[in-house]
Amino acid sequence: MASKEGRGGQERGKENVSNRILTVPNVISLVRLCLVPVFLVLLFNGYDLMATFLFALAAGTDWVDGQIARRTNAVSRLGQLLDPAVDRILMIAGVAGLFLVGRLPLWIIVVVLVRDLALLVGGAAILKRYRVRVAVIYPGKVATTLLFVGFAALLLNWPVLNGLGVVNASWLPGLSADPYSWGIWFVYAGLVLALITTAYYAAAAFVKVRAAKRASTAQPERR
């Protein structure tokens, strides 16, 4: 796994990154962003099936725009920022919507929101100050996919199963005896992997920022 991730990172580093704004992948990302408010309106008005379809469509096209960008040599700086930002916004909208309709416990909301806001704000801060960007790794995409699948199942809210009853805690759906949607197991798996990849992103950002600081202090000496 580690070797594959390393090769993936090297391949991303060799991609030709342009300053183009109007590209097919960027248009897809923009459409995905526009689907977010429509999804929320449908969810709050009880259209579970349609809301689930839109959420799955917005989440699934994340893979599509990435493939198009790489295969058509259409990787852009805007796309590198816009694509993960839309992922985060969609994730936040999904968990917030599920919480407001009573299908997701608060602690999961807090974990997802804090993690995604930290990645958004932290990534933007180090990019602006140090011109450093940490590339998304494959396990991070897998974590996002697992969460999206779990949230889509919770949105659909069918079938509803009986809990295992191994704990007496209603805030642990699936493990408690309360009825639950099967999608919660995907959410649990996605959360674990998401926290692991967050630790990697933090460590990688620390290394890159330290290298950028060293490079900036070394420049005057060369002059």
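Note that this is a predicted model, so its numbers are computed, not measured.
- No donor-acceptor distance shorter than 3.5 angstrom exists from the side chain of Ser176 to the backbone of Pro173, with no hydrogens or angles considered.
- No side-chain donor-acceptor contact under 3.5 Å links Tyr130 to the backbone of Ala211.
- Checking each of Val17, Thr23, Asp83 against Val75 for a side chain to side chain contact (heavy atoms under 4.5 Å, CB included) leaves exactly one that passes, namely Val17.
- The side-chain heavy atoms of Leu175 and Trp185, taken from C-beta on, include a pair separated by under 4.5 Å.
- Residues Val192 and Ile196 are in side-chain contact: their nearest non-hydrogen atoms beyond the backbone lie under 4.5 Å apart.
- Ala152 and Thr52 get closest at one heavy-atom pair: O-CG2, 3.4 Å.
- Using a 4.5 Å cut-off between side-chain heavy atoms of Ile, Leu, Val, Met, Phe, Trp and Tyr, with links allowed through other members, Leu195 and Leu104 fall into the same hydrophobic cluster.
- Atom CD1 of Ile126 is separated from atom CZ of Phe206 by 12.0 Å, given to the nearest 0.5 angstrom.
- Environment of CG in Leu30: crowded, with over 12 heavy atoms of neighbouring residues, nucleotides or ligands closer than 6.0 Å.
- Applying the 6.0 Å contact sphere to OH of Tyr188 captures more than 12 heavy atoms from other residues, nucleotides or ligands.
- Rounded to the nearest 0.5 angstrom, Leu161 CG and Asp178 CG are separated by 13.0 Å.
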Could you go through residues 35-45 and list every donor-acceptor pair under 3.5 Å that involves a side-chain atom there, pairing it with any protein atom two or more places apart or in another chain?
from  : atom 1 : to    : atom 2 : distance (Å)
Asn45 : ND2    : Val41 : O      : 2.6

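- When hydrophobic clusters are built by joining Ile, Leu, Val, Met, Phe, Trp and Tyr residues whose side-chain heavy atoms come closer than 4.5 Å, directly or via intermediates, Tyr138 is grouped together with Val149.
- The 12-atom threshold is exceeded at CH2 of Trp107, counting heavy atoms of other residues, nucleotides or ligands nearer than 6.0 Å.
- Transitive grouping of hydrophobic side chains (ILVMFWY, heavy atoms separated by less than 4.5 Å) brings Val110 and Leu117 into a common cluster.
- Membership of the apolar cluster around Val31 extends to Leu22, Val27, as traced through chained side-chain contacts below 4.5 Å between ILVMFWY residues.
- In terms of heavy atoms, Ala59 sits closest to Phe148 at CB-CD1, 3.4 Å.
- Taking 4.5 Å as the limit, every side-chain heavy atom of Val187 sits out of range of all side-chain heavy atoms of Val112.
- Note: the hydrophobic cluster containing Leu106 also contains Leu191 (ILVMFWY, side chain heavy atoms under 4.5 Å, direct or indirect links).
- Contact of the Phe55 side chain with the Leu154 side chain is not registered, since no non-hydrogen atoms from C-beta on lie closer than 4.5 Å.
- Taking each heavy atom of Thr198 and Arg115 in turn, the nearest pair found is OG1-NE, 2.6 Å.
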Name each donor-acceptor pair under 3.5 Å that joins a side chain in residues 85-99 to protein atoms two or more places apart or in another chain, with its distance.
from  : atom 1 : to     : atom 2 : distance (Å)
Asp87 : OD1    : Arg32  : NH2    : 2.7
Asp87 : OD2    : Lys141 : NZ     : 3.3

**OP:** Begin from the C-alpha positions of Tyr201 and Ile137 and carry the test side chain to side chain contact (heavy atoms under 4.5 Å, CB included) through to its verdict.
**Re:** CA-CA 9 Å; Tyr201 290 141; Ile137 59 175; 3.7 Å; yes

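- Both Leu164 and Leu172 belong to a common hydrophobic cluster when Ile, Leu, Val, Met, Phe, Trp and Tyr are linked at side-chain heavy-atom distances under 4.5 angstrom.
- Here the side chains of Phe186 and Thr145 are not in contact, with every heavy-atom distance at 4.5 Å or above.
- Contact record, Asn157 with Arg103: CB-NH1, 3.9 Å, taken as the closest heavy-atom pair.
- Pairing each heavy atom of Ala153 with each of Ser181, the nearest pair is O-OG, 3.4 Å.
- Summarising the geometry of Arg133 relative to Leu127, their closest heavy-atom pair is CB-CD1, 4.2 Å, with the distance given to 0.1 Å.
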